[in-house]
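So you know, we letter chains A, B, ... as the sequences are listed, proteins then strands, and number each from 1.
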Amino acid sequence: MSTLTVKLPDGSARELASGSTAADLAASIGSRLAKAALAAVVDGSESDLNVPLSDGATVAIITADSDAGRHVLRHSTAHVLAQAVTRLFPGAKFSIGPAIEDGFYYDFDLPAGRTFSETDLSAISDKMREIVKADQPFVRSEVGVGEALRLFADQPYKCEIIERVTSGAADGADAGEVGGGEAISVYRNTESFVDLCRGPHVPSTGKLGHFALMKVAGAHWRSSEKGPMLQRIYGTAWESKAALDEHLHRLAEAEKRDHRRLAVEQDLLSFPSELGGGLAVWHPKGAIVRKLMEDYSRERHQNGGYQFVFTPHLANANLFQTSGHLDFYRDGMYPPMEMDNGVYYPKPMNCPMHCLIFAGRGRSYRELPMRLFELGTVYRYERAGTLHGLMRIRGFTQDDSHIYCTEDQLQDEIASLLDFVMSVLRRFGFKDFTANLSTKDPAKYVGDDAIWGKATDALRAALEKYGLEYKIKEGDAAFYGPKIDIDVRDAIGRKWQLSTIQCDFNLPQRFDLEYVGADSQRHRPIMLHRALFGSVERFFGVLLEHYAGALPTWLAPVQVRLLPVASAHEAYAASVVARLQREGFRVDVIHADDQLGKRIRNAKMEKIPYVLVVGDDDVANSTVGVNPRGGEVERDVRIDDFVARVAADVNADDVDA
RNA sequence: GCCCAGAUAGCUCAGUCGGCAGAGCAUCUCACUCGUAAUGAGAAGGUCGCGGGUUCGAUUCCCGCUCUGGGCUCCA
């Protein structure tokens, strides 16, 4: 009997009977591996377990508890979903169903315009469990184009994918469905259910089962707004019940730190419907936090060589004609107001007005770099379906800087800008950063290639110098210049894009901005846009979620709460409050109308950093009882010691979430 | 803008197969004055999101709108 030898990931070799498959390999290694195996990587490409191995191949087994394994089982679960839907809704057309982060989805076109509602999910889910229980095999075969078109004759979306793939017009979404090459691969589960797919898949549906259908949604075919609206079902799937439960638990935790929920619970701000969609009012407790954020931002900008400016909320249409906003972003602007002889628009950006300030008189190279800063409130008409709490809002305030500099200054200016941005972000407790460098889209840009190259190099050099991990997004820049976007990762691992540093070769030209150089000649400055919070509102929302509402002491609306044990201790409590207020702390006191335990509980739910309880002993000894957030109760703490401790906490550079 | 789901007391939510609307928390009053995560009693609180239709009667059924949530698209 002839044999073949394969290489394993650890470098060892293994001899198998000729004709052996990846499944045989797994079995030869161990029964636990055989059970956990879902697919294999053979010579670098993923394949099914039952693929025959060739002599000398390098083979790795994919198990369910790896990222690759979860990807396979999610994709396979999507097929089960499609089969369940086609059985429950005869005539349903299915389009694509990829694995995504934490789960999968599948898009359907139901007969007669029928739509899914959430109540359909349990029936579909039950049908899926039947299919899992039936332990149907996933049988791969490869067919020619003609055969494929015949197989999917009643599935127009599948036919479209086949045609696009074979005509070479496929994009990433199609490639997930079918591999490239001549033959088209399909996976059959039953006599009647077969799906176009590149694979690999689990050997049989019995390997699946730890899934949950999460929600239904509309989704456009081919992700194009012009395409028909399909019905999408989202699900999640995991390698074990424990992993599924853990995922569901994580979702529940994320929901608990939803900034919209925390904003209501802590009385920070609200979105009264009387005001209109996407518009917020800030209540006193939210406003104080916002003010602290803004004060800190102003202080840093003042020390960072910025000049403060203020500009109005409205501008004549001519200004936005000059800036180009009316040409490019009219749909995203609030509608115009007509008055006197002109037409006015609420501003969607501050930069045109800052350009007017620069252009207001002749400028010398000695004034550059000129750094203008404004907390400027802008209004954008975000479409109704896109609004989302503070994260997507129609009126918001940018911490907006525009820096005008010479070409020679570009490099240093960008490097110091990046330092500045990172230092401010760290103060707010973010520690984990990544950046994206977006480069020229050759199809759409203004300015000459030399300046694009120079600016892109300057951005890259700044990232390298700072040592910030970054990805290059080729062709992703706006038409007017390359940019750096900075993402932060929050306490539960979610990424938020916050700060941005953008070069602009367009506005200086449109506003005909000039300075006189040392050579007495006129030159055009380069403009940089820089937002750090981006939107103050959104940044506030991200902070709330990052800290789950427990803002660091320097930002907490109430830093210290005094609780007199009984009415007899109120005078003493008042004297402690006065002392702490003299030290500049934000303090309040809750009188002894409720029991102490109740007042402690309320303070804890409000996530106040320090709760001070004062009773007989404290009155006698000038002490306080300290109940710190997340710490143990301490009795008989001297007031001076407490003051020093809070002061240290407020000034701490290292803030933990 | 499109698909799905919502909107009932300040908050969280129950309920009415079409017949005067309910709980917990919060609020107010009274009692309790208490040493570290919910004291007790009472009161008050609602055009059941807005507008139209069907009906003897609509918070409930139908239509439209507004707002909210989840997606798609978009995001200077």
Donor-acceptor pairs under 3.5 angstrom involving side-chain atoms of residues 614-623 of chain A: please list them, not counting sequence neighbours.
from    : atom 1 : to      : atom 2 : distance (Å)
D616(A) : OD1    : H569(A) : NE2    : 2.6
D617(A) : OD2    : R635(A) : NH2    : 3.0
D618(A) : OD1    : T623(A) : OG1    : 2.7
D618(A) : OD1    : V624(A) : N      : 3.4
D618(A) : OD2    : G615(A) : N      : 3.0
N621(A) : ND2    : D617(A) : O      : 2.9

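Cation-pi contact between R74(A) and F104(A): absent, since separation from the ring centre below 6.0 Å together with deviation from the ring axis within 45° is not met.
Donor-acceptor pairing under 3.5 Å, judged by distance alone, is absent between the side chain of H220(A) and the base of rG71(B). The base of rC75(B) sits within donor-acceptor range of the side chain of R392(A), with an N or O pair under 3.5 Å. If you check distances only, the side chain of R260(A) never reaches the base of rU68(B) with a donor-acceptor pair under 3.5 Å.
Using a 4.0 Å heavy-atom distance criterion, D618(A) is classed as a base contact.
Proximity of residues 623-639 of chain A to RNA chain B (heavy atom under 4.0 angstrom from any strand atom) is restricted to G625(A), N627(A), V633(A), R635(A). Remark: nothing in residues 396-404 of chain A comes within less than 4.0 Å of RNA chain B through any heavy atom.
Side chain to side chain, Y157(A) and D107(A) fail the donor-acceptor criterion of an N or O pair below 3.5 Å. No donor-acceptor contact under 3.5 angstrom links the side chains of H529(A) and T500(A), judged on distance only. Under the 3.5 Å distance criterion, with hydrogens and angles disregarded, a donor-acceptor pair is assigned to the side chains of W496(A) and D490(A). D399(A) and S297(A) share no side-chain donor-acceptor pair at under 3.5 Å.
Between Y381(A) and the phosphate of rC75(B), there is no side-chain N or O to OP1/OP2 separation shorter than 4.0 Å. Q231(A) has no side-chain polar atom (N or O) that falls below the 4.0 Å cut-off from OP1 or OP2 of rC3(B).
Rounded to an integer number of Å, the gap from L387(A) CG to rC72(B) P is 15 Å.
Among rU36(B), rU39(B), rC72(B), the nucleotide with an atom closest to any side-chain atom of I600(A) is rU36(B).
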